[in-house]
J.: 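Before I ask anything, let me first share the structure, which is written out below as structure tokens.
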Amino acid sequence: MSALRATLRIARRDAVRAKGRTALVLAMIGLPVMAIVALVVVLRTTTLSSTEALPRTMGQADAAVQGGGRQPVAQPVEGFGPVSATGREGRPWTTQEVTRQLRTELGSGTRVLELGAGRTSWHNGDIKVREFDLRDSATSGLMSLDDGRAPATPDEVTVSHALRDRGLRLGHSVVLGTPKKVVGYVTDPNDQKGAVVQALPGAILSGGPAQGWLVVRGKPVTWTDVQRLNRSGLTVNSREVIKHPPAQDQLAPAQRNNHSSRGQDEIAISGLIAVMIVLEIVLLAGPAFAVGIRRQRRELALLAAVGGEHGHLRAVVLCGGVVLGLCAGMLGMLGGLAAAAVGRLLFDRYSRSASGP
């Protein structure tokens, strides 16, 4: 250990003495590390996982349900992706039917909240319509109320900031089939820049089937519950199932393949990034280290003259790389995190979809 401490002191002093070479090596190692760290952090922050997207898809509810038909389905674990079904025929589900079915399968205390989504015309253009009760705690996360209050009657709406900028102020009236009073401003995390109106269910999109339903059960909706509801033709996005997926042998064969292929893609991308970092350091920083070793010839000769063995000489050279590599890696990591923070601010400012945690 005493020899190691000595070689580390020699490496530190050599780095301080040769400031130009040290700065060059730090830049060659630190800049690509900073770029990779910033890129990966921004990508992981702006790309939401299924768990991180739960507030946007189901608020604080235990599950979200869709009913496209009456035939049994075999759905994927995450979200409302492609389903395997013998058919999607049959009349659409109504809120009353879904409520009865869910209370039969999940318990009489199950609470069902209707969700509506569609478009309507306004000023010779189309605007997006979201219908749900913003006052209910189960819908928290679907939209954020920035100013004013949530609609309390079918004659009240909240609007996005894009519509506010087009002249819809608090207290103003907007004709969406019938006159509606603007009582608040909201932000849709999936469409921050879009023209969006939020209202109570049936206030604007009357006459058609609901787009979906939120389920508040008071306890987790398990994979067994999901499969039981699938037999009725209902597809279920369960908070519990997304956070704790079932074992592979409980999934349909197609879903197992999709799961494994996603894992292989992530491994391949991670390996590619690692290879790029190593190649860059070897090709760019390697020559700088070689130049440094040539400048250390006198110092290494003096060490050999006073009894230093080959292992000691190798340790001096390697410790020089360790000191510069650790410093460059730490500086690159800190710089990458700072760049990622700036990148997230820019993403949230100019992107339609808000970044994740």
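Numbering starts at 1 and runs along the sequence shown.
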J.: Testing the basics here: between P357 and T45, what is the closest heavy-atom pair and its distance to 0.1 Å?
T.: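 Closest heavy-atom pair between P357 and T45: O-CG2, 3.8 Å.
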J.: Could you see if M58 belongs to whatever hydrophobic cluster contains V216? Use Ile, Leu, Val, Met, Phe, Trp, Tyr and a side-chain cutoff under 4.5 Å.
T.: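 Each belongs to a different hydrophobic cluster.
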J.: Flag yes if more than 12 heavy atoms outside R349 fall under 6.0 Å of its CZ atom; otherwise flag no.
T.: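 Open.
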J.: A150 and T158: which non-hydrogen atoms are nearest, and at how many Å?
T.: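 Heavy-atom minimum between the residues: CA-CG2, 4.3 Å.
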J.: Any side-chain donor paired with an acceptor under 3.5 Å for Q101 and E97?
T.: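 Q101 vs E97: no donor-acceptor pair found between side chains.
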J.: Taking D191 first and then R352, would you say they form a salt bridge - that is, a charged N and a carboxylate O separated by under 4.0 Å?
T.: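 Yes, this pair counts.
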J.: When rounded to the nearest 0.5 angstrom, what is the spacing between CZ in R166 and CG in L163?
T.: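 With rounding to 0.5 Å, CZ (R166) is 5.5 Å from CG (L163).
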J.: Working to the nearest 0.5 Å, report the span between CD of E131 and CG of D133.
T.: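 Separation between the atoms: 11.5 Å.
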J.: How many angstroms lie between atom CG of D14 and atom CZ of R12, to the nearest 0.5 angstrom?
T.: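 Here the rounded value is 11.5 Å.
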J.: Taking all non-hydrogen atoms of both residues into account, name the closest pair between R228 and D225 and its distance.
T.: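 Scanning both residues, the minimum pair turns out to be NH2-OD1, 2.6 Å.
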J.: Judged by modelled atom types alone, do S355 and R344 share a side-chain donor-acceptor pair under 3.5 Å?
T.: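 Their side chains do contain a donor-acceptor pair, which is all the 3.5 Å distance test asks for.
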J.: Determine whether V37 and L337 make a side-chain contact, defined as any pair of heavy atoms from C-beta on separated by less than 4.5 Å.
T.: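 Contact flag for V37/L337 side chains = yes.
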J.: Is any side-chain heavy atom of V159 less than 4.5 Å from a side-chain heavy atom of Y185?
T.: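 Yes, side chains in contact.
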J.: Return the minimal non-hydrogen interatomic distance between L8 and C319, and the atom names on each side.
T.: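 In terms of heavy atoms, the two residues are closest at CD2-SG, 3.8 Å.
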J.: Less than 4.5 Å apart, any side-chain heavy atom of D126 and any of T120?
T.: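 Not touching, per the 4.5 Å side-chain cut-off.
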J.: Atom CG of N230 and atom CD of Q75: how far apart are they, to the nearest 0.5 Å?
T.: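 Nearest 0.5 Å value for the CG-CD distance: 4.5 Å.
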J.: Salt bridge between D147 and R164, side-chain N to carboxylate O under 4.0 Å?
T.: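 Salt bridge: no.
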J.: Compare all side-chain heavy atoms of P179 with those of D155 and state whether any distance is below 4.5 angstrom.
T.: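 Counting from C-beta outward, P179 and D155 never come under 4.5 Å.
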J.: Just by distance, with hydrogens left out, do S238 and W223 show a side-chain donor and acceptor under 3.5 Å apart?
T.: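 There is no such pair between these side chains.
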J.: Where do L176 and W122 land on the side chain to side chain contact (heavy atoms under 4.5 Å, CB included) test, with the steps shown first?
T.: CA-CA 7 Å; L176 300 171; W122 181 70; 4.0 Å; yes
J.: Quick test of your reading of the model: are D188 and R130 salt-bridged, counting only N-O distances below 4.0 Å?
T.: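 Yes, charged N to carboxylate O under 4.0 Å.
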J.: Go through the steps to decide whether T94 and V98 satisfy the test side chain to side chain contact (heavy atoms under 4.5 Å, CB included), and finish with yes or no.
T.: CA-CA 6 Å; T94 65; V98 169; over 6 Å; no
J.: Less than 4.5 Å apart, side chain to side chain, heavy atoms only: is that true for I127 and V196?
T.: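 Answer no - side chains too far apart.
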J.: Compare all side-chain heavy atoms of E240 with those of V221 and state whether any distance is below 4.5 angstrom.
T.: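 E240 vs V221: side chains apart.
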J.: Determine whether V183 and V186 fall in the same hydrophobic cluster, where Ile, Leu, Val, Met, Phe, Trp and Tyr are linked whenever their side-chain heavy atoms lie under 4.5 Å apart.
T.: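 No; V186 is not reachable from V183 via cluster members.
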J.: Less than 4.5 Å apart, side chain to side chain, heavy atoms only: is that true for C327 and L26?
T.: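 Heavy-atom side-chain distance check passes, below 4.5 Å.
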J.: Scan K181, K180, R135, R149 and name whichever one has a salt bridge (charged side-chain N to carboxylate O under 4.0 Å, His left out) with E156.
T.: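 Exactly one pass, corresponding to R149.
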J.: Is there a side chain to side chain contact (heavy atoms under 4.5 Å, CB included) between T22 and V16 once you walk through the steps?
T.: CA-CA 8 Å; T22 299; V16 173; over 6 Å; no
J.: Just by distance, do the side chain of S144 and the backbone of D146 share a donor-acceptor pair under 3.5 Å?
T.: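 Answer holds: no.
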J.: Within the side chain of R239, is there an N or O that forms a donor-acceptor pair under 3.5 Å with the backbone of A61?
T.: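 Yes, R239 side chain to A61 backbone: donor-acceptor pair under 3.5 Å.
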J.: Flag yes if L200 and L134 sit in one hydrophobic cluster, no otherwise; membership is Ile, Leu, Val, Met, Phe, Trp, Tyr, and two members link when side-chain heavy atoms are under 4.5 Å apart.
T.: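 No, L200 does not connect to L134 through the hydrophobic network.
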J.: Taking 4.0 angstrom as the limit, do D136 and R111 come out as a salt bridge?
T.: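 Yes, charged N to carboxylate O under 4.0 Å.
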J.: Short question: side chain of T110, backbone of G107 - any donor-acceptor pair under 3.5 Å?
T.: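 It does hold such a pair.
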J.: Is T235 reaching over with its side chain to a backbone N or O of Q66, donor-acceptor style, under 3.5 angstrom?
T.: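 Here the side-chain-to-backbone pair exists.
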J.: Atom CZ of F132 and atom CD of E114: how far apart are they, to the nearest 0.5 Å?
T.: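 That separation rounds to 12.5 Å.
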J.: Under the criterion side chain to side chain contact (heavy atoms under 4.5 Å, CB included), I'd like the reasoning laid out for L102 against V215: C-alpha separation, chi angles, the key distance, then a yes or no.
T.: CA-CA 8 Å; L102 290 174; V215 180; 3.6 Å; yes
J.: If I compare all heavy atoms of S160 with all of G194, which pair ends up nearest, and what's the gap?
T.: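 Nearest heavy atoms, S160 then G194: OG-O, 2.8 Å.
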J.: Sub-3.5 Å donor-acceptor pair from the side chain of D62 to the main-chain atoms of R217, do we have one?
T.: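 Here the side-chain-to-backbone pair exists.
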J.: Any cation-pi pair here, R70 with W93, using under 6.0 Å and within 45°?
T.: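 R70 over W93 ring: yes.
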J.: State which residue, out of L324, V323, V322, fulfils the side-chain contact (heavy atoms from CB on, under 4.5 Å) condition with L326.
T.: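 Exactly one option meets the side-chain contact (heavy atoms from CB on, under 4.5 Å) with L326, and it is V322.
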J.: Decide whether Q192 and T187 meet the rule of one side-chain donor and one side-chain acceptor closer than 3.5 Å.
T.: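 No.
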J.: Supply the atom-to-atom distance R103 CZ to S108 OG, rounded to the nearest 0.5 angstrom.
T.: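 Separation between the atoms: 8.0 Å.
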J.: So L205 and R119, do their side chains get closer than 4.5 Å, heavy atoms only?
T.: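 Contact flag for R119/L205 side chains = no.
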J.: Using a 6.0 Å cut-off, check whether atom CZ of R44 has over 12 heavy atoms from anything other than its own residue.
T.: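 Counting neighbours around CZ of R44, 12 or fewer heavy atoms of other residues, nucleotides or ligands fall under 6.0 Å, so no.
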J.: Applying a strict under-4.5 Å side-chain criterion to I, L, V, M, F, W and Y, I'd like to know whether L115 and L54 cluster together.
T.: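 Yes; tracing contacts between hydrophobic side chains, which count when under 4.5 Å, links both residues.
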J.: Give the cluster check for L214 versus L145: same hydrophobic cluster or not, with ILVMFWY residues linked at side-chain heavy-atom distances below 4.5 Å.
T.: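 L214 clusters together with L145.
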J.: Looking only at non-hydrogen atoms, find the nearest pair between P151 and A199 and report the distance.
T.: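 Closest pair (atom of P151, atom of A199, distance): CG-CA, 4.4 Å.
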